[in-house]
Amino acid sequence: MKALSKMKAFIFLFFVSAYKMPALGFLGMYCDLISIRLKIMTNKTTQLTRLAAAISVTTLFGCGGGASTSTDLAIVEPTQPVTDWELVWSDEFDGTSIDENKWTHEVNCDGGGNNESQCYTDSDENSFVADGILNIVALPAEEGADKPYTSARLNTRYKADFKYGRIEMRAKLPAGQGSWPAFWMMPTDEVYGGWPRSGEIDILESVNLKAMDADGNPEAYIHGTLHYGQEWPNNDSSGKAYKLPDGANPADDFHTYAVEWQEGEIRWYMDDYLYATQRRSEVRYNSKGEATGLSHRGWYAEYYEQGTGELTTFWDNAPFDQEFYLILNFAVGGDWPSNVNELGIDADAFANGNTYEVDYVRVYQCASDPDTGKGCETIRPGYESFDDALVEGAAPIPSPPSTGIAQDLTIFDNTPNPNWPAWDCCGGSTPALVEDADEGQVYEFSIGATPTVMGFISRELFITDPEGQAQTFDASPMADTGSVKFDLKITSLPNDASANWFVKLESAEGTTEVSVPLMSGYVGPGDIGNTSPRPNEWESFEFPLSALADGGLDLSAIDVVMVFPEWGTGEGAVYRLTNVELSQDSYPELVIFEDSMNVNWPMWDCCGGSTPTEEMDNEEHGLTAEFRIGAEPTVMGFITRSEAGGGDTPFDATALADGGLLQFDMRVVSMPNDASASWLFKVESNDAATAVELPLSESSEGAAPTAGEWQTYTYPLADLQAAGLDLSAIDVIMIFPAWGSGEGAVYRLDNMKIYHPDAGALPSSELTLFADSAASQWTIWDCCGGSTPTEETDDDAHGTVAEFRIGSQPTVMGFLADEDVSFDASALLSTGVVHFEMKVSAMPNDSSAPWLFKIESIGASTAVELPLSSSLEGADPVAGEWQTYTFPLQTLYDAGLDISAINVVMVFPAWGQGEGAVYRIDNAEIAAE
């Protein structure tokens, strides 16, 4: 742990100091830092990839089937290159001098761009050929030299450039603290842009061999790495460290180091033992042809597309599909070796010269397919199926297409969201969690002398919580109904009290952005006309997403939300934020009567002198509002005007104009003496400035009242608005027999409200496969055994269930969708599960048979198979007991399932082992957890 803490401190200092360095120095420093990280993270990465491999090896396709391997890695023997490798270039170093037709010396004191401590020379003292060996020697420099050491770096650019093949070196590596030999490749022509957009292939690197590591063991690792992706400083890399299993040290003897490079794949070898494989990324598409993720995360490229000129991400063979040249060099010190093992440089290791000895360099071409390099793979058993070789790359994962389902995002509400840390862009401070007397735990931001902006961010570089991950937010489904909302309190105004305040949002790593004045979103408390925020008072702000989109913001990938005084004017400002969210605006709702009267909207007799009462009705309705009409003509209902005893709270239904309803239930206890009297509904607004009166028979239900029956009446607000009603100030609602014809009428009203039916509604994105019966367009199914599963009655808790019986014919069973029918579970990805209950009535004759769950997408294009014991419950079936099994959709998706077109769900004993099994399934569903 101490070693890791030191490394974290080093990384921090590295980034702080890097901004003060020339670009070339930072580039190399970053490259080296990645190599350090690779070594430190090897164990953790291995654990994660083993879990992924455990899932992937169970992924099967089609009906039934299975997969197994009996490979024993403990007895693996390395293989030799296959005969189709054809030697096309080599240097055996069997002459008397370095062949200048093959190699060019680089002469400079740039320090390799990594703060290295050597000058590269073309002196015979630093590089020479003797006894069939190329010797690259690092020596102490003369006193007063630019750097304390000299060494050599040779390359083959424009003399020997290669695309695909086996590139191999036999060498004995130097040892000692500060030693850094390398054998690597760079692009001959940087067709995709500056480093590392055009790629870098590190065939071999080692640092500080034989120096003690943090555990007191001699350093013995070598490293193979790729560099690629975005241009510095946002570059990416991936690779692996390896050491010989017998404890031998690469500095003790000669060993071969090689890569085999083919279209879409590069493999690393030491003594022909395959220890690392890297591949191009493979994009996963759903049944609609939309990118949903990566089936393999490998390398990627980012460059300007020629046709459009746009900077674009490519998940293909680029950048490792162009010619590269070879480099041999021996660096001394630098940011990597000087900061690990024994630290610094051991002068004694270089006092008499330290030598990197190269026996040969050879390049082979794959004769069977020179254009792709495929067909000559030197592999060893097991590397395809196990995690000890395949390296996960750093390619960005394409965002799944929008589900179209609006989902809220809470960035902060007294509890930090690990995916959205509070952030100071440029001022060097750390926003603090503090206790506020009114709001509890809030974030406090303080601006010093350095100009900055502050807020919340969801980009990988700024996420430090181990539980956090960068997650851009797709707000596009709520573009018309959503807002950015937060509460702000300024505890100290900027020194420049007149500073303007702004809100700014960015999306897709700053690809689009919009900035608006803070006070344009002020919603209270107090005067909405305020021109500046008031100190020491919590104030609320709200910014419609539609307005932000009109200002140019891409709502589909929001990753920054900022609140700040104008750039350069904020010094001295201290302010607090809470309740920060992107959410749908709640539809307003007015409940006038539901089990009791709304005191602001009392029951009301306009002109008859009666007092309406609350009366108990049947069990369903309970307390209701009762109205009685006598001889005096009148109208009755509910009112909020103060002169009638109301609370003077007219209702603004403007936001409900599209889809909102005015609805109530009514039962006529006694019809009017005049049985032909028509029943009317009337609504007024703004002290009767506008009004609409309609027959009850013109409601959506279209029915006149029937004595003794509860009936529902619904009026769309859009229709009332079209008829002339001002929706912004509704203050009277009436139901009554026509004026002068109501005598004798007694009627009751309940569930009177103005609302939107979609308020709080959950999307209908769930599928019940079986609950008492199979879902429409789905059947209970026997794949291959010839039986017909049946519906049977079980206990009171389960009722009708699906029963499956397996005979002598191997089969799998479950639920099958009709032809061309499938279920799109995309909207449930983050929260959804496949869930079912199962009871085994009779175990298979083979009691050792494992029980499996399998799910496929349409046409068996993708499928995942897992043991029932891998469910969240983690239990195998027990005869005679109902048991629950749950599989998260995210787990199935990560294992390769296209969740946009699920059409088969199966549960069964392993293929060929199920004879005699009888089992029942109930409450099978794909639903939110």
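Counting from 1, the numbers follow the sequence of the chain as shown. Keep in mind it's a predicted model, so treat the numbers as computed, not measured.
Between Leu577 and Val580 the shortest heavy-atom distance is CB-CG2, 4.3 Å. Scanning both residues, Ser117 and Pro148, for their nearest heavy atoms gives O-CD, 3.3 Å. Counting all heavy atoms, side chain and backbone alike, Pro421 lies closest to Ile457 at CD-O, 2.9 Å. Taking each heavy atom of Asn339 and Gly334 in turn, the nearest pair found is ND2-O, 4.3 Å. Across all their heavy atoms, Thr569 and Pro494 have their closest contact at O-CB, 3.4 Å. Closest heavy-atom contact between Trp299 and Asp316: NE1-O, 3.2 Å.
Considering only heavy atoms from C-beta on, Glu231 stays 4.5 Å or farther from Tyr303 through its side chain. Residues Leu433 and Pro416 are in side-chain contact: their nearest non-hydrogen atoms beyond the backbone lie under 4.5 Å apart. For the pair Thr491/Asn536, a side-chain contact is recorded, criterion being any heavy-atom separation below 4.5 Å from C-beta on. In this structure, Phe412 and Glu581 have side chains that are not in contact, with every pair of non-hydrogen atoms separated by 4.5 Å or more. Within the 4.5 Å cutoff, side-chain heavy atoms of Leu493 are placed close to those of Pro535. Val332 has its side chain within reach of Ile345: a pair of non-hydrogen atoms, C-beta onward, lies under 4.5 Å apart. Two residues are said to be in side-chain contact when any heavy atoms from C-beta on lie closer than 4.5 Å; Phe486 and Phe543 meet this criterion. Counting heavy atoms from C-beta outward, Pro533 and Met519 have side chains that approach closer than 4.5 Å.
Applying the salt bridge (charged side-chain N to carboxylate O under 4.0 Å, His left out) test to pairs two or more places apart or on separate chains, those with a residue in residues 447-464 are Arg459-Glu506, Arg459-Glu509, Arg459-Asp559. Judged as a side-chain hydrogen bond (donor to acceptor under 3.5 Å, both in side chains), the pairs with a partner in residues 411-422 (not counting sequence neighbours) are, in order, Asn419-Gln471. Within the structure, every pair that satisfies the salt bridge (charged side-chain N to carboxylate O under 4.0 Å, His left out) test and touches residues 299-314, not counting sequence neighbours, is listed here: Arg197-Glu302. Applying the ring pair (Phe, Tyr, Trp, His ring centres under 6.0 Å) test to residues at least two apart or on different chains, the pairs with a partner in residues 491-515 are Trp501-Tyr575.
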For this session: May I have the step-by-step check of side chain to side chain contact (heavy atoms under 4.5 Å, CB included) for Val563 and Phe541, ending in yes or no?
Result: CA-CA 11 Å; Val563 182; Phe541 297 85; over 6 Å; no

For this session: Check the pair Leu488, Glu539 against side chain to side chain contact (heavy atoms under 4.5 Å, CB included), reporting the backbone distance first and the verdict last.
Result: CA-CA 5 Å; Leu488 166 74; Glu539 298 178 305; 5.5 Å; no

For this session: Just do the side chain to side chain donor-acceptor pair (under 3.5 Å) check on Thr225 and Ser237 with the steps written out, would you?
Result: CA-CA 7 Å; Thr225 310; Ser237 68; over 6 Å; no

Exercise. Arg284 and Glu282: salt bridge (Lys or Arg N to Asp or Glu O under 4.0 Å), yes or no, with the steps?
Worked result: CA-CA 7 Å; Arg284 283 168 46 185; Glu282 296 293 340; over 6 Å; no

For this session: In sequence, state the C-alpha distance, the side-chain angles, and the governing distance for Asn579 and Asp487, and then conclude on side chain to side chain donor-acceptor pair (under 3.5 Å).
Result: CA-CA 6 Å; Asn579 301 323; Asp487 295 332; 2.7 Å; yes

For this session: Determine, stepwise, if the pair Asp236 / Gln230 fulfils side chain to side chain donor-acceptor pair (under 3.5 Å).
Result: CA-CA 7 Å; Asp236 285 303; Gln230 301 178 69; 4.6 Å; no

For this session: Might you work through the side chain to side chain contact (heavy atoms under 4.5 Å, CB included) test for Trp180 and Ser206, ending with a clear yes or no?
Result: CA-CA 6 Å; Trp180 187 1; Ser206 69; over 6 Å; no

Problem set entry | Steps toward side chain to side chain contact (heavy atoms under 4.5 Å, CB included) verdict (Leu545, Val484) | CA-CA 7 Å; Leu545 289 171; Val484 180; 3.9 Å; yes

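Panel note: side chain Asp110, backbone Gly112; no donor-acceptor pair is recorded below 3.5 Å. Judged by distance alone, with hydrogens and angles left aside, the side-chain atoms of Asn341 form no donor-acceptor pair with the main-chain N or O of Leu343 at under 3.5 Å. Side chain of Ser198 to main chain of Pro187: no donor-acceptor pair is present (N/O by atom type, distance under 3.5 Å, no hydrogens or angles). Between the side chain of Asn234 and the backbone N or O of Trp232, no donor-acceptor pair lies under 3.5 Å. With Ser492 contributing its side chain and Gly572 its backbone, the two residues share a donor-acceptor pair below 3.5 Å. Looking only at distances, a side-chain donor or acceptor of Gln177 sits under 3.5 Å from a matching main-chain atom of Glu342. A distance-only check finds a donor-acceptor pair linking the side chain of Asn208 to the backbone of Gly178 [under 3.5 Å]. Checked by atom type and distance alone, the side chain of Asp465 pairs as donor or acceptor with a backbone atom of Glu467 at under 3.5 Å. Of the possible donor and acceptor atoms, none in the side chain of Glu537 sits under 3.5 Å from a partner among the backbone N and O of Lys489.
Salt bridge annotation for Lys504-Glu513: present, with a cationic side-chain nitrogen under 4.0 angstrom from a carboxylate oxygen.
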Side-chain polar contacts of residues 442-455 - donor-acceptor pairs under 3.5 angstrom, sequence neighbours left out - could you list them?
residue : atom : partner : partner atom : Å
Glu444  : OE1  : Arg576  : NE           : 2.8
Glu444  : OE1  : Arg576  : NH2          : 3.0
Thr452  : OG1  : Asp424  : OD1          : 2.5
Thr452  : OG1  : Cys426  : N            : 2.9
Thr452  : OG1  : Gly427  : N            : 3.2

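Once rounded to the nearest 0.5 Å, the distance linking CD of Glu542 with NZ of Lys485 reads 5.0 Å. Considering OG of Ser281 and OH of Tyr300, their distance stands at 9.5 Å, rounded to 0.5 Å. How far CD1 of Ile463 is from OG of Ser458: 4.5 Å, rounded to the nearest 0.5 Å. For the atom pair Asp408 CG and Leu582 CG, the distance stands at 9.0 Å (nearest 0.5 Å). The line from CG of Asp335 to CD of Glu116 is 8.5 Å long, rounded to the nearest 0.5 Å. The NE2 atom of His227 sits 4.5 Å away from atom CD of Glu200, with the distance rounded to the nearest 0.5 Å.
Not a single side-chain contact (heavy atoms from CB on, under 4.5 Å) links Asp550 to another residue, sequence neighbours left out.
Side-chain N/O atoms of Ser476 and Ser556 include no donor and acceptor closer than 3.5 Å. Of the N and O atoms on the side chains of Gln890 and Asp894, at least one donor lies less than 3.5 Å from an acceptor on the other residue.
Under the side chain to side chain contact (heavy atoms under 4.5 Å, CB included) test applied with Ile201, the options Tyr228, Trp184, Phe320 reduce to a single match, Phe320.
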